[in-house]
Amino acid sequence: MPDSQKVSQLADHLFRHEAGKMVAVLTRIFGLHNLSMAEDVVQDAFAKALQDWMFRIPDNPSGWLMQTAKNKTIDLIRKQRYQQKFSAELTYLLQSEYTASQTVNQLFLEHEIQDSQLRMIFACCHPELGEEEQILITLKTCSGFGIEEAANALLMQYEAAKKRLQRAKATIIERNIAFEIPSGASLGHRLDNVLRILYLMFSEGYKRSTDDSLIRKDICEEAMRLTLLLCNHALTQLPQTQALLALMCFQAARFDARLNGDGEIVLLEDQDRSKWDQRLIAIGLQYLNQSAVGALVTEYHLQAAIAYTHLQAASLAETDWKSIYVLYSQLADRNPSPMILLNMAIVQSKISNPRLALDQLYAIPKIETLLGQQYLFAATIAELHSALGEWDQAQAFLEKALALAPTVAERRLMERKLAAIHG
């Protein structure tokens with residue numbers, strides 16, 4: 001007989017990997033207005049698993065969960081088809097037990113599951129919802145994250161995130177948001193929004209800002225999985241989608257080198273490059289090459305090219321900083337965000353005198369405000385002062401950065417740098 005801990009761990013693992021698929025299919029059947037009903041069916045399936053698997057874990061746990069959800073769905077339709085309004089798309093197929101059962105079984109086939117997931121992504125990333133609401137409901141509904149995890153990803157309190165999710169669901173119903181992949185002219189704008197949300201998801205996982213785990217692979221992997229779904233669909237298999245997946249692959253390739261055994265940050269110049277995942281780099285290059293079709297060059301293309309240029313260098317000294325600077329300049333022309341300008345200044349310091357890089361940093365709009373909010377700006381200025389031998393200024397900015405650093409790993413890095421100044 002399996003022990004409770006083993007069953008619980010297996011259920012937790014499967015919830016992360018299967019719940020989003022199940023919710024997507026069930027929402028396609030019940031309709032977006034019954035999203036909570038779809039989530040309840042999934043919760044019931046996992047609750048039943050926790051009970052039944054205490055006696056025997058099935059040979060195919062994922063298949064067991066899907067079958068349990070199908071049985072519950074067919075039962076709900078049978079009992080409520082005259083009282084409940086289900087998916088308008090499938091209404092005529094859900095009127096009899098026979099056609100309802102056939103329809104449910106058909107929609108649980110793998111290719112239909114993928115189609116349902118893509119529909120769910122586009123619904124969750126609808127521009128009628130606010131940016132934070134889009135990320136929250138995508139994490140919660142498409143990716144099997146709990147409310148607390150999704151809240152942590154956005155530096156939000158649990159209750160605030162819960163209210164945002166409730167509001168997002170209400171908006172979906174009130175605005176009658178369609179459970180579909182847009183077509184024609186509207187696809188481009190909606191896809192841009194979907195890609196932006198997936199990029200934000202990946203970025204949050206790659207540089208976790210809410211707890212003491214600097215990297216959250218599960219968030220990154222989920223963003224990559226959803227982007228891969230887009231890359232494999234005829235309507236969304238576009239250069240910008242492929243460029244985003246390439247960028248994610250290149251960034252994820254450095255996972256194992258970014259932290260040491262003690263969970264401390266390892267800077268780029270100190271990373272063991274043999275730990276960089278060559279398989280992921282090769283996959284990323286494949287998608288980057290596929291994205292180089294036509295004249296379209298997006299921010300994802302430029303960022304992926306920057307990441308790949310770093311990965312090509314055998315050492316920090318051999319990095320092609322001039323090419324990277326040109327790519328950042330092109331990025332800044334499109335989006336002169338503070339982080340892009342910060343990175344431009346860092347690259348400038350590798351090419352020429354750190355003093356010029358400092359001048360660039362201080363020229364960033366609202367730099368004084370940024371210095372009081374984001375530790376990376378203070379840390380970078382400290383690094384440049386150190387390179388110039390200006391130890392008092394370096395110490396002052398490191399202390400500012402230490403006070404702002406959001407995770408233990410980042411605070412330890414600032415403390416190590418301060419200790420190095422003190423000798």
Side-chain angles (χ1 to χ4, degrees), residues 14 16-28 62-63 66 89 106-126 134-135 137-139 141-145 178-184 186-203 205-206 217-253 277 279-294 296-301 303-304 307-308:
L14 287 171
R16 175 57 52 81
H17 291 277
E18 304 295 339
K21 300 177 185 178
M22 295 164 70
V23 168
V25 176
L26 294 172
T27 301
R28 188 172 174 184
S62 296
M66 291 291 183
E89 175 192 2
Q106 176 69 27
L107 291 178
F108 270 88
L109 296 176
E110 185 59 34
H111 69 282
E112 293 289 358
I113 290 175
Q114 291 185 7
D115 185 69
S116 296
Q117 285 182 282
L118 287 172
R119 293 179 182 219
M120 181 61 83
I121 295 169
F122 275 92
C124 290
C125 297
H126 196 282
Q134 291 177 46
I135 299 175
I137 200 167
T138 299
L139 287 171
T141 305
C142 300
S143 307
F145 281 71
F179 190 71
E180 65 182 12
I181 303 170
S183 59
S186 62
L187 175 64
H189 176 70
R190 288 286 300 281
L191 180 60
D192 288 345
N193 205 50
V194 168
L195 296 180
R196 181 175 57 84
I197 295 302
L198 293 179
Y199 175 68
L200 290 172
M201 273 180 61
F202 182 89
S203 298
Y206 194 69
K217 283 189 177 181
D218 48 1
I219 299 179
C220 293
E221 288 170 355
E222 187 58 23
M224 293 173 75
R225 184 185 72 81
L226 296 176
T227 307
L228 181 60
L229 279 177
L230 294 168
C231 284
N232 289 338
H233 193 279
L235 286 176
T236 53
Q237 193 180 62
L238 298 170
Q240 58 267 44
T241 311
Q242 294 163 330
L244 176 57
L245 186 56
L247 171 61
M248 291 176 174
C249 288
F250 293 150
Q251 298 284 45
D277 190 329
R279 182 187 65 87
L280 269 179
I281 294 171
I283 293 171
L285 183 58
Q286 173 189 338
Y287 279 103
L288 185 59
N289 288 335
Q290 289 176 10
S291 76
V293 175
L296 180 67
V297 178
T298 67
E299 290 185 34
Y300 305 125
H301 285 88
Q303 290 195 48
Y308 184 61

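In what follows, residues are counted from 1 in the order of the sequence shown.
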Working for side chain to side chain contact (heavy atoms under 4.5 Å, CB included), residues Gln290 and Cys231:
CA-CA 10 Å; Gln290 289 176 10; Cys231 284; over 6 Å; no

Sequence neighbours excluded, every pair satisfying salt bridge (charged side-chain N to carboxylate O under 4.0 Å, His left out) that has a member inside [range]:
range            : answer
residues 225-240 : Glu222-Arg225
residues 106-118 : Arg28-Glu112, Arg28-Asp115, Asp115-Arg119
residues 186-198 : Glu131-Arg196

Tell me, please, which residues at least two apart from [X] pass side-chain contact (heavy atoms from CB on, under 4.5 Å).
X      : answer
Ala304 : Ala246, Leu247, Phe250, Leu288
Ile283 : Cys249, Arg279, Tyr287
His17  : His13
Ala252 : Phe202, Met224, Phe255, Leu280

With no hydrogens and no angle check, is any side-chain donor or acceptor of Thr241 less than 3.5 Å from a backbone partner on Thr236?
yes

Is a side-chain N or O of His126 found less than 3.5 angstrom from the main chain of Ala123, in a donor-acceptor match?
no

Distance (rounded to the nearest 0.5 Å) between [X] [atom1] and [Y] [atom2]:
X      : Y      : atom1 : atom2 : answer
Leu244 : Leu238 : CG    : CG    : 12.5 Å
Leu245 : Leu226 : CG    : CG    : 11.0 Å
Met120 : Cys142 : CE    : SG    : 6.0 Å
Met201 : Thr138 : CE    : OG1   : 7.0 Å

Report the residues that fulfil salt bridge (charged side-chain N to carboxylate O under 4.0 Å, His left out) with Glu180, sequence neighbours left out, ordered by chain and then residue number.
none

Applying salt bridge (charged side-chain N to carboxylate O under 4.0 Å, His left out) to Glu299 and not counting sequence neighbours gives none

Using a 4.5 Å cut-off on heavy atoms from C-beta on, say whether the side chain of [Y] contacts that of [X].
X      : Y      : result
Lys21  : Met66  : yes
Thr27  : Ser116 : no
Gln251 : Cys220 : no
Pro239 : Thr298 : no

Would you name the heavy atoms of [X] and [Y] that are closest together and state the gap between them?
X      : Y      : value
Leu230 : Phe122 : CD2-CE1, 4.0 Å
Leu187 : Leu235 : CD2-O, 3.3 Å
Leu198 : Ala223 : O-CB, 3.7 Å
Cys124 : Thr141 : SG-CB, 4.2 Å

Under the rule for side chain to side chain donor-acceptor pair (under 3.5 Å), what residues qualify as partners of Gln134, not counting sequence neighbours?
Asn193

Can you sort out the partners of Tyr199 under side chain to side chain donor-acceptor pair (under 3.5 Å), two or more places apart, ordered by chain and number?
Gln303

Could you please spell out the steps behind the side chain to side chain contact (heavy atoms under 4.5 Å, CB included) verdict for Gln106 and Leu109?
CA-CA 6 Å; Gln106 176 69 27; Leu109 296 176; 3.6 Å; yes

Partners meeting ring-ring contact (aromatic ring centres under 6.0 Å, His included) with Phe108 (sequence neighbours left out):
none

